[in-house]
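What follows is a single structure, written as structure tokens, with notes after it.
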Amino acid sequence: WNHSACRMMIEKACKATGLRTYCCHDFRHTYISNLIRLNVPLPIIEFVSGDTQETILKHYSHMFNGDELLLLDALESM
């Protein structure tokens, strides 16, 4: 499998299911962002992704829907 074959299969699956067209990086982004959200230690994410911790934090760490509730819970427990 190369990038082109992967891209074509994803496009075909998205079209068949009526989803917007995704790319390989969309899945990578979701995977790494979810690892961060699940509190997987950065050195482990670095190992499985091949990215540096700096790149991981810069590109993949962001708020998800509902994360503001985590912040409110943390503030209440202070």
Side-chain angles (χ1 to χ4, degrees):
W1 280 73
N2 59 26
H3 187 310
S4 181
C6 183
R7 182 182 50 80
M8 288 190 323
M9 292 300 290
I10 291 171
E11 285 178 5
K12 184 178 178 180
C14 289
K15 187 175 182 177
T17 58
L19 295 173
R20 74 167 182 86
T21 302
Y22 289 90
C23 68
C24 295
H25 181 74
D26 293 326
F27 294 105
R28 175 184 174 81
H29 186 95
T30 300
Y31 171 67
I32 294 172
S33 296
N34 283 329
L35 292 177
I36 293 169
R37 186 166 194 214
L38 293 170
N39 297 315
V40 174
L42 283 175
I44 294 172
I45 299 172
E46 181 179 35
F47 178 77
V48 299
S49 70
D51 287 326
T52 64
Q53 291 182 32
E54 179 182 357
T55 299
I56 292 165
L57 290 173
K58 183 177 178 182
H59 294 286
Y60 302 106
S61 63
H62 50 78
M63 289 186 66
F64 291 89
N65 290 334
D67 282 353
E68 64 278 358
L69 298 176
L70 295 172
L71 176 60
L72 292 174
D73 287 344
L75 291 173
E76 285 181 1
S77 69
M78 295 175 97

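Please read all numbers here as calculations on a predicted model, not as lab measurements.
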| Audit row: H29, D26, side chain to side chain contact (heavy atoms under 4.5 Å, CB included) steps and yes/no | CA-CA 5 Å; H29 186 95; D26 293 326; 5.8 Å; no
Reported [atom1]-to-[atom2] distance for the pair [X] and [Y], which is rounded to 0.5 angstrom:
X: S4; Y: M8; atom1: OG; atom2: CE; answer: 5.0 Å
X: C23; Y: H3; atom1: SG; atom2: NE2; answer: 7.0 Å
X: T30; Y: H25; atom1: OG1; atom2: NE2; answer: 9.0 Å
X: I44; Y: L35; atom1: CD1; atom2: CG; answer: 9.5 Å

Hey, can you pull the donor-acceptor pairs under 3.5 Å for the side chains in residues 47-54, sequence neighbours left out?
residue	atom	partner	partner atom	Å
S49	OG	I45	O	2.8
S49	OG	D51	N	3.1
D51	OD1	R28	NH2	3.4
D51	OD2	R28	NH2	2.6
T52	OG1	T55	N	3.1
T52	OG1	T55	OG1	3.0
Q53	NE2	E46	OE1	3.3

Same hydrophobic cluster for [X] and [Y], using side-chain heavy-atom links shorter than 4.5 Å among ILVMFWY?
X: I32; Y: L57; answer: yes
X: M9; Y: Y22; answer: no
X: Y31; Y: I10; answer: no

| query | Excluding sequence neighbours, so at least two apart, what forms side chain to side chain contact (heavy atoms under 4.5 Å, CB included) with T21? | reply |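 Testing T21 for side chain to side chain contact (heavy atoms under 4.5 Å, CB included), a comparison that skips the adjacent residues, returns E11.
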